[in-house]
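First up is the structure itself, then whatever we jot down about it.
Within every chain, numbering begins at 1; the chains are lettered A, B, ... in the order of the sequence lines, protein sequences first and strands thereafter.
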Amino acid sequence: MSGARKMLLPMAAMLCVAASAMAAEVKQPSSDPRDFNGVYGRIGGYGPASATVVEGAGAGAAAAARGRGGGPPASALAAAGGTAVSSTRRNRMNCIPEAAIAGGNPYAEQIIQTPGRITFLGEFNHIVRRIYLDRPMPAHVTPSYNGYSVGHWEGDALVVETRGFRTFRPPGAAGMATLDRAIERITKSADGMQVNKVVSFEGRDQQGAPMRSELRVAYQWRGDQHLYEFICEEGAGDFDGVETR
Amino acid sequence: MRLLLATLLPLILSIDMATAVAAPDLNGGVWVAVKPPGALRTTRGERPPLLPAAATAYEQHLADRRRGNLDFDTTERCLPPGLPRILMQPQPFEFLQRPEQVVIMYQWNRLVRIVDMSPAILDPIGPSHLGTSVGHWEGGTLVIESVDFVDSSLLDDAGLPHGEKLRVIERYTPSRDGHSMALKLSIEDPDFYAHAWDASLRFRHDARGEITEDVCVERKKVVLWKEP
């Protein structure tokens with residue numbers, strides 16, 4: 001089976017489910033601004049959202065992340081000291097979970113709120129982010145691709161701190177020599193149809209100076225969808241055609 | 001009066017049956033299988049009632065495993081252990097429980113099952129490794145029915161085979177103190193087993209446990225794609 005066909009299968013499945021679900025019922029988002037429960041899809045295609053350096057050398061410039069059809073050229077990425085281009089591709093082709101914090105694909109994402117927890121469940125490679133609301137950040141965190149996240153509410157904004165990213169750093173932080181933490185501020189639009197987040201990456205540049213970059217990701221409500229089983233390992237290596245970084 | 005009683009009694013009893021044991025809260029902590037069997041047996045401790053062709057396949061799997069040939073086992077390539085095999089792995093799992101859905105999140109390669117608790121059954125859209133599941137509460141027991149599986153997975157580590165007609169019913173009953181949970185499994189597949197059969201598993205609760213990020217290809221050192 002060609003890579004393109006394998007790639008299309010989950011997409012077709014998503015559409016089938018969507019059609020099936022639409023025939024039955026289209027769920028509407030809650031009017032509660034703190035209720036994010038439901039299925040969403042990132043607005044935009046493959047590739048992480050564009051990031052901007054907001055503190056440190058090169059402030060105001062694009063950080064080493066870009067979306068489809070935009071962002072800095074490869075030479076600029078190299079100049080920024082980022083090696084995430086090749087490692088991102090290698091990881092995706094080998095079914096390594098990418099850091100979902102930057103929102104790298106348009107597949108469905110479900111947000112599930114349970115007592116003391118908010119869970120982001122991505123259909124693509126079943127990447128899971130657990131955000132604990134009932135505990136502080138542990139003193140020691142075992143590094144993982146998606147880090148360890150704790151959150152709290154500031155008004156109707158969910159503020160999430162994530163530490164302990166593994167060496168494959170989130171794209172928005174690719175220009176950093178070290179990444180200390182990421183802070184997300186997640187809110188819902190007034191009509192409930194969109195979840196917006198601003199992600200701030202805090203770290204140090206190659207010279208050890210503080211550096212901060214920021215990116216924005218938006219998710220559209222998809223009340224007609226349901227997550228489908230996505231097994232990356234069945235089609236490993238077939239994601240080359242959709243790689244945009 | 002008798003007529004009134006006769007009319008109301010079944011109603012009262014049914015309400016009482018449904019509300020006597022409220023659905024437990026499964027949120028929080030993780031669950032770990034207690035002495036999970038490598039080879040699944042019926043509740044009577046017997047080998048499942050394999051049909052002849054299925055028995056031959058099973059014997060072949062056992063022989064292959066003894067020889068160290070694991071080609072038949074797709075989990076070696078990081079494809080999901082099917083159901084109920086995934087429940088017998090050493091890695092923990094957790095529940096996210098909401099009225100409309102129960103989501104079961106396994107540590108094993110971050111696999112997830114979404115169990116629809118609404119009365120409407122979502123139409124299966126094609127076979128999957130963990131099937132399509134719907135659930136409901138029967139007092140303090142979570143009942144999940146799953147169908148629509150791929151036929152390449154196995155029921156257990158030993159190599160019990162199944163086909164696409166596999167139907168699994170899980171009945172999870174947490175203990176009153178919430179420290180443990182019994183699971184009764186009902187398994188049927190008319191193409192592989194002579195009749196439906198039951199098995200049981202047990203889990204312990206770790207209230208402070210957390211699911212950690214598991215990347216199967218790293219754990220098993222599988223290289224799926226090499227740079228050209």
Side-chain angles (χ1 to χ4, degrees), chain A residues 9 12-17 19-21 23-25 27 37 86 89-97 110 112-117 119 121-123 125-130 132 134-135 138 142-148 164 166 226-240, chain B residues 25-29 74-80 94-103 105-114 116 118 120-133 148-150 152 208 210-218 220 222-228:
Chain A
L9 271 176
M14 284 198 308
L15 291 173
C16 287
V17 176
S20 167
E25 177 195 8
K27 293 175 187 163
N37 281 296
S86 60
R89 179 165 180 254
R90 189 167 50 246
N91 283 345
R92 181 173 283 185
M93 303 288 267
N94 272 303
C95 301
I96 304 290
Q110 183 167 355
I112 305 163
Q113 286 176 244
T114 48
R117 265 274 289 278
T119 304
L121 173 58
E123 182 175 70
N125 202 8
H126 32 100
I127 297 170
V128 179
R129 291 191 63 209
R130 295 172 173 82
Y132 296 99
D134 58 357
R135 65 198 69 175
T142 302
S144 62
Y145 289 106
N146 278 286
Y148 190 97
R166 278 180 65 172
H226 192 278
L227 264 61
Y228 180 68
E229 183 180 271
F230 180 106
I231 304 303
C232 172
E233 290 80 0
E234 284 186 317
D238 282 344
F239 301 108
D240 212 13
Chain B
D25 182 2
L26 298 175
N27 288 305
T74 57
T75 64
E76 292 299 311
R77 301 190 293 281
C78 289
L79 296 185
E94 66 177 347
F95 291 96
L96 298 182
Q97 181 182 341
R98 290 184 53 80
E100 72 279 10
Q101 283 182 336
V102 171
V103 180
M105 310 183 82
Y106 303 94
Q107 182 164 298
W108 204 101
N109 209 25
R110 315 173 310 284
L111 291 172
V112 174
R113 288 170 67 198
I114 296 176
D116 189 357
S118 62
I121 295 177
L122 193 73
D123 291 332
I125 62 164
S128 59
H129 291 83
L130 294 170
T132 299
S133 302
D148 212 31
F149 296 93
V150 298
S152 56
R208 299 171 64 90
E210 294 177 1
I211 301 288
T212 56
E213 188 177 79
D214 177 48
V215 182
C216 177
V217 291
E218 293 181 337
K220 286 186 173 287
V222 175
V223 177
L224 297 169
W225 177 82
K226 289 179 183 169
E227 290 186 53

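C95(A) SG to R77(B) CZ: the interatomic distance, rounded to the nearest 0.5 Å, is 13.0 Å. Note: Q101(B) CD to I112(A) CD1 = 6.5 Å, rounded to the nearest 0.5 Å. The OH atom of Y228(A) sits 8.0 Å away from atom OG1 of T132(B), with the distance rounded to the nearest 0.5 Å. Rounded to the nearest 0.5 Å, atoms OH (Y145(A)) and CD (E218(B)) are 3.5 Å apart.
Counting heavy atoms from C-beta on, the side chains of E94(B) and R130(A) come closer than 4.5 Å. Within the 4.5 Å cutoff, side-chain heavy atoms of I231(A) are placed close to those of L111(B).
Taking 4.0 Å as the cut-off between side-chain N and carboxylate O, E100(B) and K27(A) do not count as a salt-bridged pair. Remark: R166(A) does not engage E213(B) in a salt bridge, criterion side-chain N to carboxylate O under 4.0 Å.
Checked by atom type and distance alone, the side chain of R98(B) never pairs as donor or acceptor with a backbone atom of T114(A) at under 3.5 Å.
Comparing I211(B), T212(B), V217(B), D25(B) by heavy-atom pairs within less than 4.5 Å of chain A, the highest count is held by I211(B). Considering only heavy-atom pairs separated by less than 4.5 Å from chain A, the leading option among V103(B), N109(B), T74(B), V112(B) is N109(B). Interface check for chain A: of the options L96(B), L130(B), V215(B), V223(B), the most heavy-atom pairs under 4.5 Å are formed by L96(B).
Interface residue T119(A): only side-chain heavy atoms are found under 4.5 Å from chain B. No part of D134(A) comes within reach of chain B, as not one of its non-hydrogen atoms sits under 4.5 angstrom from that chain.
Counting heavy-atom neighbours within 6.0 Å of R208(B) CZ, excluding the residue itself, gives a total of 12 or less.
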**Message:** Using side chain to side chain contact (heavy atoms under 4.5 Å, CB included), reason through E229(A) and H129(B) one step at a time and then give a plain yes or no.
**Reply:** CA-CA 8 Å; E229(A) 183 180 271; H129(B) 291 83; 3.1 Å; yes
